[in-house]
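Each remark here refers to the structure printed beneath this line.
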Amino acid sequence: MSQSQTNVNDDVSQIYEEVSDWHVNTGDQKVVAKRIKGRFRLRKWLGMSVWLIFFLGPYIRWNGHQAVLFDIPNRQFNFFHLTIYPQDIWMLSLTLLFFAILLAAVTSIAGRVFCGYFCFQTVWTDIYTFIETKLEGDSPQKAMKFKKAPWSFDKLVRVVTKHSLWIAIALITGISFAAWFTDAYQLWPEIFSLQAPLPVWISMAVFGVFTYVFAGFMREQVCFWLCPYARLQGVMYDQDTVLPAYDAERGEPRGKLKKGQLEDETKGSCIDCKVCVAVCPTGIDIRKGQQEGCITCGMCIDACDSIMDKTNQPRGLIRYASYKELHHDKNVLAMYKRPRVIIYSLILLTALSGIIYGFFTLSPTEFQVIHDRQPLYVRLSDGGIQNKYTLKLLNKTKEPIDVRYDVEGLEGATLHGMGDKITVQPGKVVPVTALVRVPDDKVQKGLVPIQFKAVVLNNSAISTSYESMFMAPE
């Protein structure tokens with residue numbers, strides 16, 4: 001019994017030894033990441049530049065109108081020459097599905113590259129810290145020295161400049177968001193004249209406050225504690241996922257190099273300079289293995305490669321590598337053979353096919369015929385049968401259209417209860433009550449197919465039709 005107890009104690013002690021150097025940043029330590037040039041920093045800038053679309057997109061014009069406009073009051077989405085209405089919501093659903101699965105697919109292949117290169121929290125934080133490091137110091141030591149320095153005119157100017165730039169970026173972010181929902185060129189005069197609608201002020205306040213607080217102060221803590229996507233990363237990884245990784249087999253044992261010394265055969269390639277930690281935007285040590293804070297940005301790779309160059313050693317001590325590669329597993333699967341990649345690719349292809357089909361078959365009108373169920377039919381005084389319908393035509397074009405309705409497919413059927421011509425304004429639906437009458441000698445028992453035609457008088461190319469049923473007694 002005592003021997004068993006001793007073994008348990010030994011096991012517990014080993015567990016505590018294994019996790020003794022684990023560290024999770026809970027906000028008690030401010031991360032000031034050192035900036036270093038490299039190929040992954042360049043890729044990060046290129047990835048971040050995608051967000052220029054967010055700021056510049058609303059100002060693109062197309063045929064005298066805003067090219068991309070989410071027109072909420074009129075319930076329509078204008079995308080260059082296309083106008084998408086709520087009736088086409090399935091296309092939006094497929095688009096959201098496409099990007100959601102794309103995010104999962106990329107994560108399963110190369111980890112959190114979205115977090116490292118494209119995520120708005122990462123991008124805005126990087127811009128905010130870039131401003132801060134330029135004004136207050138680009139290392140924890142310089143930042144702490146600036147913070148502890150007595151107040152002076154120079155320090156006051158630097159602090160005010162930093163926060164002014166932060167606030168300006170936050171407000172521009174809010175204005176840019178609002179510009180996607182209204183005319184961007186009209187928005188600025190409305191703001192400066194204080195005539196902007198209430199939603200614009202709400203947008204500026206919400207985006208301004210959250211951008212300023214999240215990117216300026218919380219930073220990596222948003223990724224650690226608030227972002228649900230960061231918590232879902234682990235279930236998307238497998239042993240073939242390529243992630244920034246430290247090659248412990250080559251790097252250990254670590255040891256510092258003496259001045260003038262470029263190589264020590266008794267030590268590994270890692271000289272324990274901790275530059276990889278200094279450049280990490282979340283402050284983790286990649287040498288301790290894959291961690292929740294790693295956003296797969298590759299900054300540690302640039303840092304380590306620069307040290308390897310200076311010590312005349314080959315690059316790749318820290319590199320993008322899979323678990324199988326690091327452990328010399330011969331069962332490394334090619335990307336096209338991985339089940340997750342195959343499944344994700346099929347879903348992506350299906351969603352993309354649906355989106356493309358929707359764009360190419362998008363109709364400029366939406367025609368619907370609703371049969372009145374109470375009563376199903378009426379027998380007229382002359383013995384004929386009458387059915388009542390409601391005709392609805394949505395005009396998706398930019399111009400008013402003149403419509404004339406007609407009925408076909410049923411011998412003797414005539415249309416009553418409406419004028420010769422009905423005008424439908426852009427983006428509007430005009431419901432019309434139509435009475436279809438069939439004389440007694442032409443009436444067929446039960447259900448009979450009937451076709452309603454909506455003939456657009458000023459643009460016959462967009463005329464449409466709808467198949468319905470005419471009801472008569474058995």
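The structure displayed is predicted, hence computed values, not measured ones.
Summarising the local packing, CZ of Arg404 is surrounded by 12 or fewer heavy atoms from other residues, nucleotides or ligands at distances under 6.0 Å. Around atom CZ of Phe210, no more than 12 heavy atoms belonging to other residues, nucleotides or ligands sit under 6.0 Å away. In this structure, Phe80 places its CZ atom where more than 12 heavy-atom neighbours from other residues, nucleotides or ligands lie under 6.0 Å away. In the displayed structure, Arg61 atom CZ is contacted under 6.0 Å by more than 12 heavy atoms of other residues, nucleotides or ligands. Counting non-hydrogen atoms of neighbouring residues, nucleotides and ligands closer than 6.0 angstrom, the NZ atom of Lys392 reaches no more than 12 such neighbours. Shown here is Trp62, whose CH2 atom has no more than 12 heavy atoms of other residues, nucleotides or ligands within 6.0 Å. More than 12 heavy atoms of other residues, nucleotides or ligands sit less than 6.0 Å from atom OH of Tyr185.
Thr211 and Trp166 share no donor-acceptor pair across their side chains, judged by distance under 3.5 Å alone. There is a side-chain donor-acceptor pair under 3.5 Å between Glu252 and Tyr246. Residues Thr125 and Arg219 bring no donor and acceptor atom of their side chains to less than 3.5 Å of each other. Donor-acceptor pairing under 3.5 Å is lacking for the side chains of Asp309 and Ser306. Using a 3.5 Å distance cut-off with no hydrogens or angles, the side chains of Asp154 and Ser152 do not pair a donor with an acceptor. Side-chain N/O atoms of Glu249 and His328 include a donor and acceptor closer than 3.5 Å. Side chains of Gln186 and Thr182: a donor-acceptor N/O pair is absent below 3.5 angstrom, by distance only. In the model, Lys398 has a side-chain atom that pairs as donor or acceptor with a side-chain atom of Thr83 under 3.5 Å. Side-chain contact of Tyr229 with Thr107: a donor-acceptor pair under 3.5 Å is present, judged by distance alone.
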**Message:** Is there a side-chain contact (heavy atoms from CB on, under 4.5 Å) between Ile172 and Ser176? Walk through the geometry before answering.
**Reply:** CA-CA 6 Å; Ile172 292 175; Ser176 298; 3.9 Å; yes

**Residues Tyr320, Phe40; criterion ring-ring contact (aromatic ring centres under 6.0 Å, His included); working and verdict** = CA-CA 11 Å; Tyr320 272 96; Phe40 288 101; 5.5 Å; yes

**Request:** Tell me, with the steps shown, if Asp126 and Arg35 meet salt bridge (charged side-chain N to carboxylate O under 4.0 Å, His left out).
**Result:** CA-CA 10 Å; Asp126 199 74; Arg35 290 179 175 268; 3.5 Å; yes

**Request:** List the steps and the verdict of side-chain hydrogen bond (donor to acceptor under 3.5 Å, both in side chains) for Thr311 and Gln313.
**Result:** CA-CA 6 Å; Thr311 57; Gln313 298 186 75; 3.1 Å; yes

**Request:** Using the side-chain contact (heavy atoms from CB on, under 4.5 Å) rule, take Thr397 and Ile462 through it: C-alpha gap first, then chi angles, then the decisive distance, then the call.
**Result:** CA-CA 10 Å; Thr397 68; Ile462 63 174; 4.2 Å; yes

**Request:** Using the side-chain contact (heavy atoms from CB on, under 4.5 Å) rule, take Thr122 and Lys44 through it: C-alpha gap first, then chi angles, then the decisive distance, then the call.
**Result:** CA-CA 10 Å; Thr122 301; Lys44 189 177 179 72; 3.4 Å; yes

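Under the rule for a side-chain hydrogen bond (donor to acceptor under 3.5 Å, both in side chains), Lys453 has no partner lying at least two apart in sequence or in another chain. For Lys145, there are no salt bridge (Lys or Arg N to Asp or Glu O under 4.0 Å) partners two or more places apart in sequence or in a different chain. In this view, Lys274 and Asp272 satisfy the salt bridge (Lys or Arg N to Asp or Glu O under 4.0 Å) rule, not counting sequence neighbours. Every residue two or more places apart in sequence or in another chain was checked for a side-chain hydrogen bond (donor to acceptor under 3.5 Å, both in side chains) with Glu399, and none qualifies. The side-chain hydrogen bond (donor to acceptor under 3.5 Å, both in side chains) search around Glu467 returns Gln451, not counting sequence neighbours.
Listed here is the closest heavy atom pair of Arg287 and Cys270: NH1-SG, 3.5 Å. In terms of heavy-atom proximity, Ile318 sits nearest to Ile301 at O-CG2, 3.5 Å. The two residues Gln290 and Pro244 come nearest to each other via the heavy atoms NE2-O, 3.7 Å.
Of the options Phe70, Phe181, Tyr85, a ring-ring contact (aromatic ring centres under 6.0 Å, His included) to Phe77 is made by Phe70 and by none of the others. With Asp240 as the fixed residue, the salt bridge (charged side-chain N to carboxylate O under 4.0 Å, His left out) test singles out one of Lys337, Lys324, Arg340: Lys324. For the pairing with Phe452, the ring-ring contact (aromatic ring centres under 6.0 Å, His included) check across Tyr466, Tyr405, Tyr389 returns one residue only, Tyr389.
Checked by atom type and distance alone, the side chain of Gln291 never pairs as donor or acceptor with a backbone atom of Gly293 at under 3.5 Å. A donor-acceptor pair under 3.5 Å is formed between the side chain of Arg319 and the backbone N or O of Gly316. Using a distance-only test at 3.5 Å, with no hydrogens or angles considered, a donor-acceptor pair links the side chain of Lys155 to the main chain of Ala149. A donor-acceptor distance shorter than 3.5 angstrom exists from the side chain of Ser463 to the backbone of Val456, with no hydrogens or angles considered. The backbone N or O of Lys37 lies less than 3.5 Å from no partner atom in the side chain of Asp302, so there is not a single donor-acceptor pair. A donor-acceptor pair under 3.5 Å links the side-chain atoms of Gln66 to the main chain of Ala184, judged by distance alone. Judged by distance alone, with hydrogens and angles left aside, the side-chain atoms of Ser203 form no donor-acceptor pair with the main-chain N or O of Pro199 at under 3.5 Å. Using modelled atom types, no side-chain atom of Tyr323 and backbone atom of Leu243 make a donor-acceptor pair closer than 3.5 Å. When atom types are taken as modelled, the side chain of Asn395 and the backbone of Val424 share a donor-acceptor pair closer than 3.5 angstrom. Of the possible polar contacts, one joining the Asn458 side chain to the Asp402 backbone as a donor-acceptor pair under 3.5 Å is found.
With salt bridges taken as basic N to acidic carboxylate O contacts below 4.0 Å, none links Arg75 and Asp71. Checked for salt-bridge contact, Lys396 and Glu366 meet the test: a charged N lies under 4.0 Å from a carboxylate O. Glu136 and Lys142 are not joined by a salt bridge, as no carboxylate oxygen comes within less than 4.0 angstrom of a charged side-chain nitrogen.
Rounding to the nearest 0.5 Å places SG of Cys276 at 13.0 Å from CE of Met299.
Looking at heavy atoms from C-beta onward, Thr365 lies out of side-chain contact with Leu394 at the 4.5 angstrom threshold. The closest side-chain heavy-atom distance from Ile131 to Ile169 is below 4.5 Å. By the 4.5 Å heavy-atom criterion applied to side chains, Pro281 and Glu220 are not counted as neighbours.
In this structure, Phe217 has its ring center closer than 6.0 angstrom to the ring center of Tyr212.
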Review item, side-chain donor-acceptor pairs of residues 46-59, under 3.5 Å, at least two apart:
from	atom 1	to	atom 2	distance (Å)
Ser49	OG	Leu46	O	2.4
Trp51	NE1	Phe118	O	2.6
Tyr59	OH	Trp188	NE1	2.7

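Relative ring orientation between Trp90 and Tyr357 is described as tilted, the plane-to-plane angle lying within the 30° to 60° band.
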